[in-house]
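Encoded as structure tokens, the structure appears first; notes follow it.
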There are 2 protein chains.
Amino acid sequence: MNLKELAETLGLSQTTVSRALSGYPEVKEATRNRVRIAAEQSNYRPNTRAKSLATGRAMAIGHVIPVDSKNEVVNPIFAEFIAGASETYTRHGYELILSIAHDEDQARIYNELKSKRSVDGIIVHAPRIADPRIKLLQNIGLPFVVHGRVSDEGKEYSWVDVNNKRAFSRATNFLIDLGHRRIALINGIETMHFASQRRQGYLNALTEHNIPHDTTLMYAAELTEVYGYQSAKALLSLAEAPSAFVVSSYIVAIGARRAIEEMDLKLGRDVSLITHDDELSYFSSAEDIPQFTATRSSVRQAGRRAAEMLLDIIKHPTHAPRSELLKAELMVGLSTGPHRSPRLT
Amino acid sequence: MNLKELAETLGLSQTTVSRALSGYPEVKEATRNRVRIAAEQSNYRPNTRAKSLATGRAMAIGHVIPVDSKNEVVNPIFAEFIAGASETYTRHGYELILSIAHDEDQARIYNELKSKRSVDGIIVHAPRIADPRIKLLQNIGLPFVVHGRVSDEGKEYSWVDVNNKRAFSRATNFLIDLGHRRIALINGIETMHFASQRRQGYLNALTEHNIPHDTTLMYAAELTEVYGYQSAKALLSLAEAPSAFVVSSYIVAIGARRAIEEMDLKLGRDVSLITHDDELSYFSSAEDIPQFTATRSSVRQAGRRAAEMLLDIIKHPTHAPRSELLKAELMVGLSTGPHRSPRLT
DNA sequence: GTCCTGTTTCAAAGCGCTTTGGGTATGATA
DNA sequence: TATCATACCCAAAGCGCTTTGAAACAGGAC
């Protein structure tokens, strides 16, 4: 069933039917109802493609998910972020077009989405410290919101981010207050902006307390369980092993816990650990006391907010760039405790 | 830049330019090259919407991801499956349209995708035992491939699945061969087809060895870490605790491991565990010996195959339904060992 | 030179919608 | 009665592409 047919059965013109359904005022309420009912009955819905062509709006948002070229790892936070964004899109009648691409293909994909007119806007995932995608998108004139930030000053763009630096300095301070002095950092790849910020926060806290920076305690890599396991294991095997860890993802923390337990240490007693927790739903901390002390911030909420922001930008293209800083709470769980004198073996 | 402009700058008609770019034979090789180069230079790409409207093909596939209504849990295997499917789509010039919906909204969304002509086909995720979506899609005439199966006999449809029943009977048999007799099942929700099949496999193995079925050893719920933790803890606290577990997901297994270790038991020695492993990339078992003995099957590969199948169905609509059964290998890891006499406390 | 065949190109229709720029009642006003 | 808003509705253009049916041209056969 299409507009033409629907109009014919109603004995009205396409114009009137179209207007009736889109809520234009110049159509009698009685006719509008008649049209509405007929549309309902015949299960009519305007063809998206035709509508887009006529209006020039694609009514779709692009998400280009990066995949690590070496290990083909897809970071699970994207699924959760997108779950949040999707809610918003559905509510506003937008579609979500997803593609998954290696870093080196991202620019090409943006270009394509633009020149094929497939989308009205883009969410930029996983920004690097000085991410060329920002300038690219500004040049080709495609509205976008960054999930995270880049550190190029003077660039004006819209973003939604959590206060990573503050979260990690807070976490580190918390451990220092518990008496820990040798604190390890198990971080993401530090060309990623979020990871570099977290490192900053960690280092700042150490500096504040005159604790020297020890690069043997700092790891950075793709955030997998095995990475958490292996780095924690290596760290705990050091002659001067750390007594506490600050960790960049829940999954990495799980790997670290595995290493800790395998070495017959007890998390929260022999070793303390604070992780960042994106509140992935299947790790839902629906427990009285969470297993990990964590800096917690809902990535699904970030998805919702970023999507709303992008739709708003599309609606009001002339406005100045917007931004929103979500804060991460420090939630105390079972994985932290006071520093104890070196264990006797 | 659009077709008309490109044609004008070249001094050719739109017809010729369009044909040149789409590789039709009735255009001289010299002109084709001229067109190609000009298109390249001006970064021309056909407007997807206009193209779809003209051809009647949306060049897009819909994925409707279910989200658990109670806990809003998004199962992480979807991200991985979609990563696989996306590869295929990109290669064939298709887009992937994603929406996330509660179970009760799924039918409506399928209907909308169809009547709005947004997609040429659909991947059905997370089928239930007698899933009404199959008939719905057949009725409205939208090509689809199911990731998994439904148990309604006589329904002809296309699917990609793993041999869940066989995998779980194999796992259970393996534990029985190790001397275990009290074997617990920590399963997904058993109205889901995959979960009911796994239960079948588990029960079959017990029956074969004349081991009575004990429903106090069987759990079924949404596959989260906390669920794994709580159910394992409850099971191990039984007067007649199980000595082995068969578990439906890697994440649940991680929760179970947490419970096991918290009770000062050693996995692989005091307690054995076999999990299903969908090979989620961030849990990549890139270790010499995997931490868990597992029935392993790549869900990303399933995504690739399902996508290929769907595109093939769209291309050849008259063919009979296709199907593909992927097998899960049993990979022996560190989490299983021979049964020991009851621990002394 | 004419006719035919095959190659290369084109004009125009059509996909299903929105939207512009009228048209035609209807009723109030002078 | 003529005039003018006002309310309601319509025909047709246009969005950017594919595709049909036909035209123009070249080359070979006669």
Side-chain angles (χ1 to χ4, degrees), chain A residues 1-36 38-39 42-60 93-95 112-120 315, chain B residues 1-36 38-39 42-60 93-95 112-120 315:
Chain A
M1 172 65 73
N2 61 22
L3 224 209
K4 193 170 164 193
E5 289 162 21
L6 182 61
E8 272 166 14
T9 57
L10 280 164
L12 288 170
S13 76
Q14 297 188 37
T15 315
T16 307
V17 175
S18 171
R19 289 194 148 144
L21 292 174
S22 329
Y24 278 65
E26 55 272 76
V27 63
K28 195 163 42 171
E29 210 48 40
T31 359
R32 188 193 304 286
N33 280 333
R34 208 157 65 87
V35 172
R36 279 235 179 92
S42 52
N43 200 26
Y44 168 78
R45 255 175 292 261
N47 180 317
T48 349
R49 310 293 158 152
K51 188 169 176 171
S52 290
L53 186 55
T55 58
R57 277 171 291 122
M59 295 304 284
Y94 276 74
E95 288 173 348
E112 276 187 23
L113 287 173
K114 166 70 177 180
S115 53
K116 290 160 75 177
R117 265 147 237 237
S118 294
V119 300
D120 298 321
K315 208 189 229 167
Chain B
M1 173 64 74
N2 60 22
L3 224 209
K4 193 171 165 192
E5 290 162 21
L6 182 62
E8 271 166 14
T9 57
L10 280 164
L12 288 170
S13 75
Q14 298 187 37
T15 315
T16 308
V17 175
S18 171
R19 289 196 147 139
L21 292 174
S22 329
Y24 279 64
E26 56 271 75
V27 63
K28 194 161 46 171
E29 209 49 40
T31 3
R32 187 192 306 284
N33 281 333
R34 207 157 64 87
V35 172
R36 279 235 179 90
S42 51
N43 199 27
Y44 167 79
R45 254 175 294 262
N47 179 318
T48 349
R49 309 293 159 152
K51 187 169 176 171
S52 290
L53 186 56
T55 57
R57 277 170 290 122
M59 296 304 282
Y94 275 75
E95 287 172 349
E112 277 187 23
L113 288 173
K114 166 69 178 183
S115 52
K116 290 159 76 178
R117 270 151 233 230
S118 293
V119 300
D120 297 321
K315 208 189 231 167

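Protein chains get the first letters and strands the later ones, always in sequence-line order, with residue 1 at the start of each.
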Heavy atoms of Pro25(A) and Arg32(A) approach each other most closely as CA-NH2, 4.2 Å
Closest of dT8(C), dT18(C), dT18(D) to the Glu26(B) side chain is dT8(C)
Rounded to whole Å, the CZ-C1' distance (Arg57(B) to dG16(D)) equals 16 Å
When rounded to whole Å, the CG to P distance for the pair Leu21(A) and dT18(C) reads 8 Å
Q) If you look at every strand shown and take non-hydrogen atoms under 4.0 Å, does Arg117(B) touch a base, only sugar-phosphate, or nothing? A) nothing
Closest non-hydrogen contact found for Leu6(A) with Met1(A) is N-SD, 3.6 Å
In whole angstroms, the gap separating C1' of dC10(C) from NZ of Lys28(B) amounts to 14 Å
Of dT18(D), dC9(D), dT19(D), the nucleotide closest to the side chain of Thr31(A) is dC9(D)
### Query
Can you check whether Thr55(B) has a side-chain N or O nearer than 4.0 Å to OP1 or OP2 of dT18(D)?
no
Going by heavy atoms in the side chains, are Ser118(A) and Glu95(B) under 4.5 Å from each other?
yes
Atom CD of Glu29(B) and atom C1' of dT8(C) are separated, to the nearest Å, by 13 Å
>> Would the base of dT19(C) count as contacting Thr15(A) through its side chain, where contact means a donor and an acceptor less than 3.5 Å apart?
In response: yes
Nearest heavy-atom approach of Tyr94(A) to Asp120(A) is CE2-OD2, 3.7 Å
Note: contacts of residues 45-54 of chain B with DNA chain C (heavy atom, under 4.0 Å) are Leu53(B), Ala54(B)
Would you say the side chains of Thr15(A) and Ser18(A) form a donor-acceptor pair under 3.5 Å? no
When rounded to whole Å, the CG to C1' distance for the pair Leu12(A) and dC17(C) reads 17 Å
Looking only at heavy atoms, the pair that brings Asn2(B) and Tyr44(B) closest together is C-CE1, 3.6 Å
Closest non-hydrogen contact found for Leu53(B) with Arg49(A) is N-CB, 4.4 Å
note: Met59(A), atom CE; dC17(C), atom P; distance rounded to Å ~ 15 Å
To the nearest angstrom, the OH-C1' distance between Tyr24(B) and dT9(C) comes to 16 Å
Gln14(B) CD to dT19(D) C1', in whole Å, measures 12 Å
So, does Thr16(B) get its side chain near the phosphate of dC10(C), meaning an N or O under 4.0 Å from OP1 or OP2? yes
